[in-house]
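In what follows, every heavy atom counts, from backbone to side chain, and hydrogens, waters and symmetry copies are set aside. When a residue number appears, it is its place in the shown sequence, counting from 1.
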Amino acid sequence: MTLPRTLCLLGVLLVARALLSLTVRAHEPHVCPEDYPDTPALAGHVEQREIVSRLIDFDEIVGIGREWFVAVVNSCDGQGRPATTGAGNKRAPGQPAFIRTSAPDSNSCAGCHVQPRVGGGGDFVANVFVLAQDRDPVTDRVSAEFSNERNTLGMFGSGAIEMLAREMTADLQDIREAAIAAAAESGEVVTRSLDTKGVNFGSVTALPDGTVDTSGVLGVDADLIIRPFHQAGVVVSLREFTVNAFNHHHGLLAEERFDLNLAKGFDSDYDEDGVHRELTVGDITAVTLFQAALGTPGRVLPVLVDEQQVVDLGERLFAQVGCASCHVPSMTLESRNFVEPNPWNPAGTFSDTAQSYRFDLTAEGELPRVEARTGGGAVVRAYTDLKRHNLCDEETGFYCNEQLAQGRPNQMGVPGQKFFLTRKLWDVGSSAPYGHRGDLTTITDAIHYHGGEARMARDTFLNLDVEGQAAIVAFLKTLRVLPPGCEELIVEEDHVCLN
């Protein structure tokens with residue numbers, strides 16, 4: 001068993017060396033002022049045309065994206081936004097260079113996305129104060145009145161998650177369009193159930209005059225676009241997430257949102273830090289593809305037979321108590337390709353599908369990858385339904401501590417801030433702490449505080465004997481982020497890659 005382990009470690013070292021040897025191509029390189037004896041963290045930019053034309057191969061693009069993700073950026077790179085907020089609004093110059101609440105609050109993406117390795121989540125200390133970044137003047141308050149405090153989540157497997165969301169969005173919108181057509185043809189009101197990949201999102205009703213009643217839509221916005229990122233489910237793509245995060249956390253402005261939007265009053269130094277063209281369209285594409293190509297979480301199985309039997313029991317009980325109704329163990333992708341950019345990207349986020357780049361999620365990128373499905377497509381074992389749910393009721397309100405809706409609409413008379421996207425569990429064994437605020441230290445606590453739509457499953461779990469509850473926890477702890485380059489399964493004691 002030492003040989004596979006040695007090969008795995010050697011592979012990790014070779015990959016790391018190759019990535020570290022890459023240098024961002026120096027097109028219009030960043031430089032420090034002439035009288036300033038220092039250098040930027042990164043030499044320059046990559047252009048979208050180089051990526052789309054395949055002048056740069058896939059591994060090099062991903063390597064460039066990784067460099068941006070781990071770089072400790074400085075003022076010569078454009079770090080800081082002295083005259084703008086983290087949401088891109090103008091404000092008086094002279095704002096703090098760093099402030100933990102309203103941000104900028106970080107020097108590197110990997111400063112927060114680091115557990116259990118680069119691309120992962122963060123400890124409680126890395127929490128983000130969502131919406132505080134747009135306050136003017138800045139706030140140093142962490143009260144829920146001013147922001148939604150959130151724990152940093154891992155990005156592993158996020159390429160497959162985005163593509164699942166795109167396919168689900170297309171299904172839901174096709175159902176809506178079919179209802180509109182049927183109502184126009186029949187002259188009657190037509191109601192259709194919104195079902196995709198085994199998940200129900202309520203219903204939509206079309207009227208003969210072409211209008212649509214979306215009051216029956218559940219767990220998604222009225223536009224039926226699945227937004228699989230942020231714990232509130234309000235960001236549609238890795239690219240939108242990346243553009244937002246660079247601006248919010250580092251003060252690095254993407255040209256697709258600012259430089260190229262002159263009609264909106266933006267310019268190439270909109271944040272007035274003296275640095276122009278801080279992030280090109282190509283730079284953002286590279287960082288997006290790096291995240292999309294991160295490995296998929298897998299399973300860490302115990303060596304001993306009796307321990308494996310406990311895990312197997314826990315997996316069965318997980319489904320029997322009802323957890324799998326929201327934490328859906330697997331969904332299928334019709335296409336194996338990750339295609340960048342996302343056609344549903346909002347204004348200010350590059351969405352020109354004529355300049356798209358694609359790669360096969362089952363054949364390219366970091367191991368382990370999503371598994372290819374016989375006959376086409378892929379299987380994504382993420383343990384989520386990509387739907388927003390309310391986990392609070394009169395007895396249990398732990399998960400309803402937020403006051404700001406953050407774009408989440410009210411549903412069925414319930415305030416939007418009570419709804420959260422179903423947490424992906426495929427990395428739960430290596431993604432502590434838990435809860436959207438990261439203030440729960442054990443899986444047991446995370447389950448205990450479920451209420452609302454999860455009340456029945458939570459009560460059934462608590463009614464199990466201690467051995468049954470422990471079996472479910474043991475099963476969940478096998479869902480882990482694996483060492484880079486390793487295949488789907490490793491054994492716990494020696495961490496041996498199974499090829």
Side-chain angles (χ1 to χ4, degrees), residues 8 11-12 15-16 19 58-59 62-63 65-66 68-70 108-123 126 150-165 228-231 233 235 237-239 241-242 245 286-301 327-331 333 336 338 340 359-371 378-384 386 421-434 436 438 443 476-490 495 497:
C8 180
V12 172
V15 169
L19 290 172
F58 176 73
D59 290 338
V62 169
R66 187 183 195 280
W68 275 108
F69 198 88
V70 303
S108 168
C109 302
C112 296
H113 291 279
V114 70
Q115 294 181 350
R117 55 186 175 86
V118 170
D123 200 348
R150 301 268 177 75
N151 187 236
T152 302
L153 298 184
M155 306 305 293
F156 295 105
S158 55
I161 294 299
E162 179 170 339
M163 295 313 299
L164 270 179
F229 301 110
H230 271 226
Q231 298 193 55
V235 172
S237 67
L238 285 169
R239 188 178 200 100
F241 170 81
T242 300
V287 181
T288 298
L289 291 174
F290 162 70
Q291 293 170 93
L294 285 169
T296 300
R299 295 287 298 275
V300 178
L301 299 177
H327 295 284
V328 178
S330 68
M331 288 193 279
L333 274 171
R336 297 175 181 176
F338 180 85
E340 175 60 27
F359 72 92
D360 187 336
L361 288 162
T362 67
E364 300 174 275
E366 184 181 83
L367 291 171
R369 307 179 184 120
V370 292
E371 62 190 85
V379 180
V380 183
R381 304 185 188 281
Y383 291 86
T384 180
L386 296 184
L421 198 67
T422 301
R423 181 74 170 261
K424 299 180 290 294
L425 295 184
W426 58 356
D427 64 349
V428 68
S430 51
S431 63
Y434 306 108
H436 57 264
I443 292 173
L476 291 172
K477 286 184 176 180
T478 69
L479 306 177
R480 301 272 291 276
V481 172
L482 307 184
C486 292
E487 288 286 5
E488 181 72 14
L489 301 175
I490 59 176
H495 284 73
C497 301

Main-chain N/O of T288 paired to T242 side chain as donor or acceptor, under 3.5 Å: no
Do the side chain of S430 and the main chain of P116 share a donor and acceptor less than 3.5 angstrom apart? no
So do the side chains of L333 and L164 get within less than 4.5 Å of each other, counting heavy atoms only? yes
Exercise: identify the closest heavy-atom pair between G159 and F338: O-CD1, 3.4 Å
Verify, without hydrogens or angle tests, whether E364 (side chain) and F359 (backbone) share a donor-acceptor contact under 3.5 angstrom. no
After noting the C-alpha distance and the side-chain angles of F229 and E162, does the key distance pass the side chain to side chain contact (heavy atoms under 4.5 Å, CB included) rule? CA-CA 8 Å; F229 301 110; E162 179 170 339; 4.0 Å; yes
To the nearest 0.5 angstrom, please state how far the CG atom of L482 sits from the CZ atom of F156. 9.5 Å
Between V62 and A293 the two heavy atoms that sit nearest each other are CG2-CB, 4.2 Å
Could you state the interatomic distance from CD (Q291) to CE (M155), rounded to the nearest 0.5 Å? 4.5 Å
How long is the straight-line distance from CZ of R480 back to CG of L301, given to the nearest 0.5 Å? 10.5 Å
Closest non-hydrogen atoms of A110 and V114, given as atom of the first, atom of the second and distance, are O-CB, 3.2 Å
Search all heavy atoms of A160 against all heavy atoms of V380 and return the closest pair with its distance. CB-CG2, 4.0 Å
Output, in order, the C-alpha distance, side-chain angles, deciding distance and verdict of salt bridge (Lys or Arg N to Asp or Glu O under 4.0 Å) for E371 and R381. CA-CA 9 Å; E371 62 190 85; R381 304 185 188 281; 2.8 Å; yes
State which residues pass ring-ring contact (aromatic ring centres under 6.0 Å, His included) with F241; sequence neighbours excluded, sorted by chain then number. none
Donor-acceptor under 3.5 Å (H113 side chain, G121 main chain): no
Return the OG1 to CZ distance between T478 and R299, rounded to the nearest 0.5 Å. 3.5 Å
Could you report the tightest heavy-atom contact between F290 and V118, atom names first, then the distance? CZ-CG1, 4.3 Å
With R423 via salt bridge (charged side-chain N to carboxylate O under 4.0 Å, His left out) - residues at least two apart: none
Note: G119 and L294 closest approach over all heavy atoms is CA-CD1, 4.0 Å
P433 side chain near N151 side chain, heavy-atom distance below 4.5 Å: yes
Starting at CH2 of W426, measure out to OG of S330 and round the result to the nearest 0.5 Å. 11.0 Å
Looking at residues at least two apart in the chain, or sitting in another chain, which of them share a salt bridge (charged side-chain N to carboxylate O under 4.0 Å, His left out) with R117? E366
Starting at CG of L289, measure out to CG of D59 and round the result to the nearest 0.5 Å. 11.5 Å
Side chains of L421 and H230: does their closest heavy-atom pair fall under 4.5 Å? no
Heavy-atom side-chain contact between H327 and T384 under 4.5 Å: no
